[in-house]
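A note on names: the letters A, B, ... follow the listed sequences, proteins ahead of strands, and every chain is numbered from 1. It should be emphasised that the depicted structure is a prediction, and the values quoted were computed from it without experimental measurement. Because only heavy atoms are used, hydrogens play no part in the values below, and waters and symmetry mates are left out as well, while side chains stay in.
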Amino acid sequence: MSIDRLPPEALYRRCDPAQFTFETSVELEALPRLFGQPRAAGAVQFGIGIAREGYNLFVMGSPGIGKRTLVRQELALKVAARPKVSDWAYVNNFREPSKPIALELPAGRGAPLREDMRTLVEELRTAIPAVFESDEYRARAGQIEAEFSERHEKAFTELGREAAKDDIGLLRTPAGFTFAPLKDGEVISAEDFAAFNDEQRSRIEQRISELQGKLESIVRNVVRWRREQRERVKQLNREMTLFAVGQHVAELKEKYRDLQRVLEYVEAVQQDVIDNAEDFIKAREPQAAIMGAPPEAPSFRRYQVNLIVDHVDREGSLIVTEDHPTYQNLVGHVDHIAQFGTLATDFALIKPGALHRANGGYLLLDARKLLMQPFSWDGLKRALSNGEIRIESLAEMYSLVSTASLAPEPIPLDVKVVLFGDRFIYYILQAYDPDFRHLFKVAADFEERFERTPENDMLFAQLVATIAGEKKLAPFERGAVARVIEHSARVAGDARKLSANLEAVSDLLCEADHWAREGGRDRVTAADIERAIAEQRHRADRLRERMHEQILRGTVMIDTAGERVGQINGLSVLQLGDYAFAEPTRITATTRLGDGRLIDVQREVELGGSIHSKGVLILSAFLAARFSANRPHSLAASLVFEQTYGLVEGDSASLAELCALLSSLADAPIRQSFAVTGSVNQLGEVQAIGAVNEKIEGFFDICSARGLDDKQGVLIPAANVEDLMLRGDVVAAVAAGRFHVYPVVHVDQAIELLTGIPAGEPAATGGFAPGTVNGRAARRVRELSELQRKLGPAREAKRERKKP
Amino acid sequence: MSVAERGSTGLRIVVSFDTTPAGEAALEAAIGLAASLDAEVAGLFVEDVSLVRMAALPFTREFGLTSALLRPIDTADIERALRLQAQQTRDLLAAAAAALNLRWSFQVVRGQSVNAVFELSEDRALLVLGAASAGVVARGSVVSAGGRRESRPSARQGFRYLSSRPVVVLFDGSERGMRSLAAAHALATRAATRLTVLVTADTVGDFDRRRQQARAWVLAQGAAARYVWLKGRSIEGVLQAVGAENASALLLHEDEAPADRRVLRGLLRELGCPLVLVSRRRDASG
């Protein structure tokens, strides 16, 4: 069972710069749209295009793969087609100030209305006082007052004259009136009054009593007359104010005659101005301080227009991104201001949210940020479900404050929401939020990788040109572009694919541009790309270096030469952020008499993940099926990942583990110059694993540091061969015959290569040929089984004796 | 009782108050003039002896203007009420003077209001008579009691009472008339109100000539005024003209005022606004 080493050509799929017809990237046209995502692009186009309720989008995929770029490109094409867009303003509700009115205006007409109302108030502040200072007003007000004065003075004068006929005077006291007898026009003294006889005194008192009755009647009339006078003055004030306001309001009505709700609002303003004309007069007078607080002029805030949505730049403002989607930022809120130690608010303090700004257009949100903000998700769903934006105070909803707040009129909502997130969030929401599927009916699933074809290579080159143009980078030589494509395939972990991570590509291009400029070059070369890749790796490489240092020092024991029974070099990958590297790990196996149990030490101490444990259990099944199909499986075995102190997960070491077990069973030493990666199934077939490039490079680095001896190499699943995009130094070593990569499809291939002993084919009569690895292992299993059979009765008797 | 030490013309404007609300209008006029002429305001509160006497009578009842209820009243009640009102008037004067940074003083006397005022204000430059009592209800006093008490414009550095109605001055073309006109103009300007000149003349020719004289002076001040012909100088004629103009204050030279105090009291009762007498002193018009 021979295995062919992989030739160097199989280890790295080059991108031949000769396939490109350009010299540098400046010769290429920029990409009009993102490529390589036909499924996602179609979904986005569909989601944006369909004007039905609930057809909002959830765009999912890894960060940096161009989700937002593609969506923005598609939105930019669609924005112009959105027919309806409006300005929105909140204005005072003069009947119920706690329920501000929402006004919808055609785009661009909100700001003029706001300005018109400001001008109106300014003009009225002059016009109304002027009317009230006019001769006409003074004369008419004076007439009303004079009429009132004459009326009551006549009554008092007549009463006074009537009293005077009887020598009785009507006197004003500090709190009212009184009558007193007079003598020579002066109030008589008490002594003079005492000098009167009883009849005179009685007559005077009787007369005064009669006059007091008449006085009471007059005073009651005065109260009524005063009320009438006030009403007449009010009516006069209304007439005069209407005169001052009418002309200005008529102009406004003419300007906004096509907007019925604005007309109604202007009417309400006019009525309020008429009812509160005094405010405009007071505004011109100095105000007295109240309780030490600075004087405050009458406020005309109630006539303001709180323009919350202003579509000055119609197209640009239709795509809204909210980076901080708190409930308030999303739905809007009502501010408060402190006044005399309490919190007050009004319609002018209503603040719009992202939904207001995006109304009529598109709202782009990050799903994770949205879900992390309390109440935001519910607020968004409520708005989408109800088709309206209702600003509600959270504090009031949850009774956290007792401050009076507003209930602004809800605004009809017509928005397409685009959520960006990863697949995990999408499927969690699908599973647990019944509203989600009704509100976000379109999922745009972005690929992390796309096909590496000549056509896509060319598009990728255009992508490089596009990014270089946008970021004002130096031109990229075609060799540099080819190297970027190769690196993209390496990032994709598949020689047949290219990574869709545009952000990583963009970073690489920027950094290569930097190194080119550092080197004084006006073009970016392949060497600059190589430098950028090396520098990126170096910056993230500290931990790998330390770990490899420990191996090279012998602190972590890894053999790269010699032979050992039950010991093998596995390969572990460590993922640190977006950087991954691998290192060899010693795996040991021991076997002994037992009851068929395979002990995975990692699992026993809860340092093994479930997938890892599954792999180990598969090994147990494989051994039992192969060697104990017709007899009790009397084998006990232990597997250990030596010198690991953290969680071991994944089944990519199961091939190595199985080889270690076979080595132990067959007492066949394994060559330590090899490292092994791959998973196996119950039939012993080797299955693909991830990060094959990093694993090969991890073992190569250790061997290289110790000195290559031409025998070292890595066994990988044959299924991973097309993923290979190895580093240049590895490829060079393979080309020089100093390092080797072996693709295997079955464990028997692997064990034969590792031990140098034939694996052994099962004979037609069953069993394996003696001397082969399988034959030796089978013999050992039979021995153990026989031993078990002999020891079985004695063990049974011992157990019986122990029973109470 | 001066509240500010500053340069002054040494002028003194005496303003009289009594229990009627007409005093508030008088205070406004006095403050306005004092501010214009940089003069001291001397408040004189007259406790009307008639009221004290009335309260001593055994059957006396007071009829509440607001409550329309009869209640007994005795001398102690009146004494207390007068003291309280004097204090309130003093506070009002203090606030108004402070607002305009004016020097002021305040004095309480008992007697027949007009008589007492003349006796105690011999060194005055201007005399503002707001007192309207002396036994019988005067014109306008009831309105003031109900309608204007809450608005105290002088305390707010405003002239609500004066600003809503014109200042009226009696002008006969003489030097004293010019001084009255100057004082009236100063008051109208300060209160931002209109000025009405009652030109006394027996003939049209005299009226035209005196009107031209007054008009030339007013125009020279950059102001305007309304000119009304007052034929003769009878008390009735003056009262009728002032009533027609709905005046906020009437200014006249003290030589033109009735010499008889009874007649003067009668004028005050019927006038319905403060009466400002311009003194014979030459500096009275500033």
Worksheet item: Partners of A/Arg140 by side-chain hydrogen bond (donor to acceptor under 3.5 Å, both in side chains), sequence neighbours excluded?
Response: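 Residues passing side-chain hydrogen bond (donor to acceptor under 3.5 Å, both in side chains) with A/Arg140: A/Glu239.
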Fill in: Contacts of A/Asn93 that satisfy side-chain hydrogen bond (donor to acceptor under 3.5 Å, both in side chains) - sequence neighbours left out
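Counting only residues at least two positions away or on another chain, A/Asn93 forms no side-chain hydrogen bond (donor to acceptor under 3.5 Å, both in side chains).
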Worksheet entry | A/Arg161: salt bridge (Lys or Arg N to Asp or Glu O under 4.0 Å) partners, not counting sequence neighbours |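 Not a single residue meets the salt bridge (Lys or Arg N to Asp or Glu O under 4.0 Å) criterion with A/Arg161.
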Item to complete: With a 4.5 Å cut-off on heavy-atom pairs, point out which of A/Val223, A/Ile188, A/Asp192 contacts chain B the most.
Response: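 Sorted descending by pairs with chain B, the first entry is A/Ile188.
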Worksheet item: Where along residues 197-211 of chain A does a heavy atom come under 4.5 Å of chain B, listed by residue number?
Response: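 Hits under 4.5 Å: A/Ile204, A/Glu205, A/Ile208.
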Item to complete: Under the side-chain contact (heavy atoms from CB on, under 4.5 Å) rule, what do B/Glu79 and B/Val52 come out as? Steps first, then yes or no, please.
Response: CA-CA 7 Å; B/Glu79 296 276 3; B/Val52 180; 4.1 Å; yes
Practice prompt. Give, as side chain, backbone, both or neither, the part of B/Leu69 having an atom under 4.5 angstrom from any heavy atom of chain A.
Written response: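 No part of it gets close to chain A.
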Discussion item. Run the salt bridge (Lys or Arg N to Asp or Glu O under 4.0 Å) test on A/Asp279 and A/Arg302 for me, step by step, so that the C-alpha distance in whole Å, both residues' side-chain angles and the decisive distance to 0.1 Å come before the verdict.
Written reply: CA-CA 12 Å; A/Asp279 287 353; A/Arg302 62 184 182 278; 2.9 Å; yes
Practice prompt. Could you check B/Leu162, B/Leu92, B/Leu102 and say which one makes a side chain to side chain contact (heavy atoms under 4.5 Å, CB included) with B/Ile31?
Written response: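 Between B/Ile31 and the candidates, side chain to side chain contact (heavy atoms under 4.5 Å, CB included) is satisfied uniquely by B/Leu102.
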Practice prompt. Verify whether one side chain among A/Gln229 and A/Arg232 offers a donor that lies under 3.5 Å from an acceptor in the other.
Written response: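 Result is no, nothing qualifies.
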